[in-house]
Amino acid sequence: MSETTLVNPADETVIGTVRHTTLEEVDAAVDRAVVAQRAWAALAPVDRARALRRFAATVDAHIEELAQLEVRNSGHPIGAARWEAGNVRDVLDYYSGAPERLIGQQIPVAGGLDVTFHEPLGVVGVIVPWNFPMPIAGWGFAPALAAGNAVLLKPADWTPLTAIRLGELALESGLPEHLFQVLPGRGSVVGDRFVTHEKVRKVVFTGSTEVGKHVMAGCAAQVKPVTLELGGKSANIVFADADLEAAASGAPGSVFDNAGQDCCARSRLLVQRSVLDRFLELLEPAVRGFRVGDPNDEATEMGPLVSKGHFENVAAFLDGSVPVAFTGTAPDGPGYWMAPTVLLPTRTDRVATEEIFGPVVSVLPFDDEADAIALANDSIFGLSGSIWTRDLGRGIRVARGVESGALSVNSHSSVRYAAPFGGFKQSGLGRELGPDAPLAFTETKNVFFSHS
Ligand code: NAD
């Protein structure tokens, strides 16, 4: 019987084991989900809405428990973990309005009338990475359930505990049995079966670009819809006319939040050459003051990396070949701790082009607006990014010029559940969140009514 031993990344203590779901068990779960989905879709919309509101309320009553679980399992700072659990509640609340608003069109045509319906897909498989186990799960399962589907959720190997608890809370809230099943296990077994099983009618995959391509190819074999939320190497562009103090004080949080294990991390800091020295002077104290330490401490801004293996992957990028501008601090002793690190690479160095997924930022100077846009776009990725300028026209021009799915001007905001989220280029395919997300879990059907 295979299982994963779970380790607290802050102190390397073993916190438990989780058994892997087998292929046969996945297939049995799919069969149960098919039956549960039919009954769910047949409920009156108001009853599905009420059930989702109750699920949200049950999550709300367990925010602290979920947050504490995430602190132990993922090493997230407690303040961040509370926000993540609260995000699941908020996203469920937001989409609880959807069952009663899946409205079609009526289209006058010759000889009668066309009416469109948004029919649920059936069973949806949601595959989640380890970096934000709760929010990323919720962004998939909440709109999918709201649209009348059943959901099978596969958490990442190392971070399944909050997902398992959310599955229990769904049942406690009264959500029908087997409608929302959490299946921990290997990506190559459970996740892959979502792709190959014909009765799983859509896959929502969030994770690396490499695995995402594999999932997309597998889904193509069955013409199965897929949402892909993949890697990033996002640019934080600071123009000379910006509020440099504000841009510098926010920059550490924009890349070191969640120890840089954030698809939206602004891991390329593009600074106009004429203010580079001044900006670095402002950035240094902000980085040194970024509080890295005990995740249970309310004041902590950054915890450890998620695992030993991931720590080694990130550390391999810091091989001494690229000048280090300065670093922050990190605790000694057990745990996968790494200090926030600011590098001064050339534009073609590996650290400046590849996703590191750790607390490492590359500072790259640029000359003018055109150079900034070209540099920001010189990437296979296009997920997120920030633009700092006091010139409104420039803010608009650059935001339109940067090939990225989620941008913020004079802020580092990334994901807001009321707005669509997703990447350009190899950062992804499709959009999560926003008011239209439930429609992505439906097929649109048109029915012609003859009036003759
Ligand atoms: P990963 O691709 O290794 O794994 C993601 C999930 O896919 C895990 O649950 C894993 O078990 C599963 N998986 C692995 N192999 C599979 C297969 N063959 N078939 C189906 N499922 C499989 O990614 P990770 O290391 O867990 O996460 C980090 C990556 O996720 C980074 O690249 C990051 O940028 C990306 N990410 C993207 C977003 C976004 O919204 N764009 C959000 C968070 C993370």
Side-chain angles (χ1 to χ4, degrees), residues 2 4 18 20-21 23 26 74 76 84 87 125-140 152-160 162-164 182-197 200 203-219 221 224 226-234 255 257-267 305-307 309-314 354-358 379-385 404-406 414-417 420-434 437:
S2 76
T4 295
V18 169
H20 295 157
T21 310
L23 201 63
V26 179
S74 306
H76 291 191
E84 291 160 24
N87 186 259
V126 177
I127 303 172
V128 173
W130 48 260
N131 65 328
F132 287 110
M134 284 189 277
I136 291 174
W139 302 346
L152 303 177
L153 171 66
K154 194 206 94 62
D157 282 14
W158 308 322
T159 58
T162 47
I164 292 170
V182 179
L183 309 176
R186 293 271 181 237
S188 56
V189 178
V190 181
D192 195 61
R193 191 63 183 136
F194 292 177
V195 173
T196 59
H197 199 303
V200 177
V203 174
V204 176
F205 173 84
T206 307
S208 61
T209 297
E210 188 190 345
V211 178
K213 289 176 183 174
H214 172 79
V215 167
M216 188 177 179
C219 287
K224 182 181 295 197
V226 59
T227 300
L228 299 175
E229 298 288 355
L230 309 176
K233 188 75 179 176
S234 297
V255 58
D257 183 51
N258 203 19
Q261 304 164 126
D262 182 343
C263 55
C264 289
R266 273 67 162 172
S267 54
L305 293 174
V306 73
S307 70
H310 186 60
F311 176 91
E312 286 163 0
N313 290 342
V314 175
E354 293 182 22
E355 184 182 45
I356 300 176
F357 225 54
S379 171
I380 61 165
F381 299 114
L383 187 57
S384 191
S404 174
S414 288
V415 187
R416 293 166 180 271
Y417 60 79
F421 173 69
F424 282 27
K425 300 190 276 185
Q426 294 189 31
S427 284
L429 186 72
R431 287 292 176 278
E432 292 185 325
L433 301 172

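Atoms within each ligand, like the ligands themselves, are counted from 1 in listed order.
Close contacts of ligand 1 with Asp192, meaning ligand atoms under 4.0 Å from a residue heavy atom, involve 19 (N), 20 (C). Near Leu383, meaning under 4.0 Å from any of its heavy atoms, are these atoms of ligand 1: 41 (N). Ligand-side atoms of ligand 1 in range of Asn131: 43 (C), 44 (C), range being under 4.0 angstrom from any heavy atom. Here is the list of ligand 1 atoms found below 4.0 Å of a heavy atom in Cys263: 34 (O), 36 (N), 37 (C), 38 (C), 39 (C), 40 (O), 41 (N), 42 (C), 43 (C), 44 (C). Heavy-atom proximity to Ile136, at under 4.0 Å, picks out these atoms of ligand 1: 42 (C), 43 (C). Counting atoms of ligand 1 from 1 in the listed order, those under 4.0 Å from a heavy atom of Ile127 are 6 (C), 7 (O), 9 (O), 12 (C), 20 (C), 21 (N).
Residue Val211 has no N or O atom closer than 3.5 Å to an N or O atom of ligand 1. At least one N or O atom of Trp130 sits closer than 3.5 Å to an N or O atom of ligand 1. Every N/O-N/O distance between Val195 and ligand 1 stays at or above 3.5 Å.
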Derivation of the side chain to side chain contact (heavy atoms under 4.5 Å, CB included) call for Lys213 and Leu230: CA-CA 9 Å; Lys213 289 176 183 174; Leu230 309 176; 5.8 Å; no

Worked check of side chain to side chain contact (heavy atoms under 4.5 Å, CB included) between Phe357 and Leu305: CA-CA 9 Å; Phe357 225 54; Leu305 293 174; over 6 Å; no

Side chain to side chain contact (heavy atoms under 4.5 Å, CB included) assessment of Phe194 paired with Leu183: CA-CA 11 Å; Phe194 292 177; Leu183 309 176; 4.1 Å; yes

Step-by-step side chain to side chain contact (heavy atoms under 4.5 Å, CB included) determination, Leu429 to Met216: CA-CA 10 Å; Leu429 186 72; Met216 188 177 179; 3.8 Å; yes

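Here the heavy atom of the protein found nearest to atom 11 (O) of ligand 1 is Lys154 NZ, 3.0 Å. With hydrogens left out, the protein atom closest to atom 28 (C) of ligand 1 is Phe357 CE2, 3.5 Å, a heavy atom. Scanning the protein heavy atoms around atom 35 (C) of ligand 1, the nearest turns out to be Gly207 O, 3.1 Å. The nearest heavy-atom contact from the protein to atom 34 (O) of ligand 1 is Glu355 OE2, 2.6 Å. Annotation: atom 9 (O) of ligand 1 to nearest protein heavy atom, Val128 O, 2.7 Å. Of the protein's non-hydrogen atoms, the one nearest atom 3 (O) of ligand 1 is Ser208 OG, 4.0 Å. Nearest non-hydrogen protein atom to atom 41 (N) of ligand 1 is Leu230 O, 2.8 Å. Looking from atom 21 (N) of ligand 1 to the surrounding protein, the closest heavy atom is Gly187 O, 3.5 Å.
Between His310 and Trp130, the distance from one ring center to the other falls under 6.0 angstrom.
To the nearest 0.5 Å, the span separating CD1 on Ile164 from CG on Leu153 amounts to 9.5 Å. Residue Cys264 holds its SG atom at 10.5 Å from CG of Asp257, rounded to the nearest 0.5 Å. Once rounded to the nearest 0.5 Å, the distance linking OG of Ser384 with CZ of Phe421 reads 6.5 Å.
Remark: distances from the non-hydrogen atoms of Phe205 to ligand 1 include one below 4.0 Å. Not close to ligand 1: Phe132, with no non-hydrogen atom less than 4.0 angstrom away. Judged by the shortest distance from any of its heavy atoms, Thr206 lies inside the 4.0 Å radius around the atoms of ligand 1.
Listed for the Lys233 side chain is no donor-acceptor partner under 3.5 Å among the backbone atoms of Glu355. Put simply, the side chain of Lys154 never gets that close to the backbone of Gly125: no donor and acceptor are under 3.5 Å apart. A donor-acceptor contact shorter than 3.5 Å links the side chain of Lys224 to the backbone of His197.
Nearest heavy-atom pair across Pro133 and Ser74 is CG-OG, 3.9 Å.
In this structure, the side chains of Thr206 and Glu432 come closer than 4.5 Å at one or more pairs of heavy atoms.
When non-hydrogen atoms are compared, ligand 1 lies under 4.0 Å from the side chain of His214 (C-beta onward) but not from its backbone. Using a 4.0 Å cut-off between heavy atoms, Phe421 contacts ligand 1 through its side chain alone, with no backbone atom that close.
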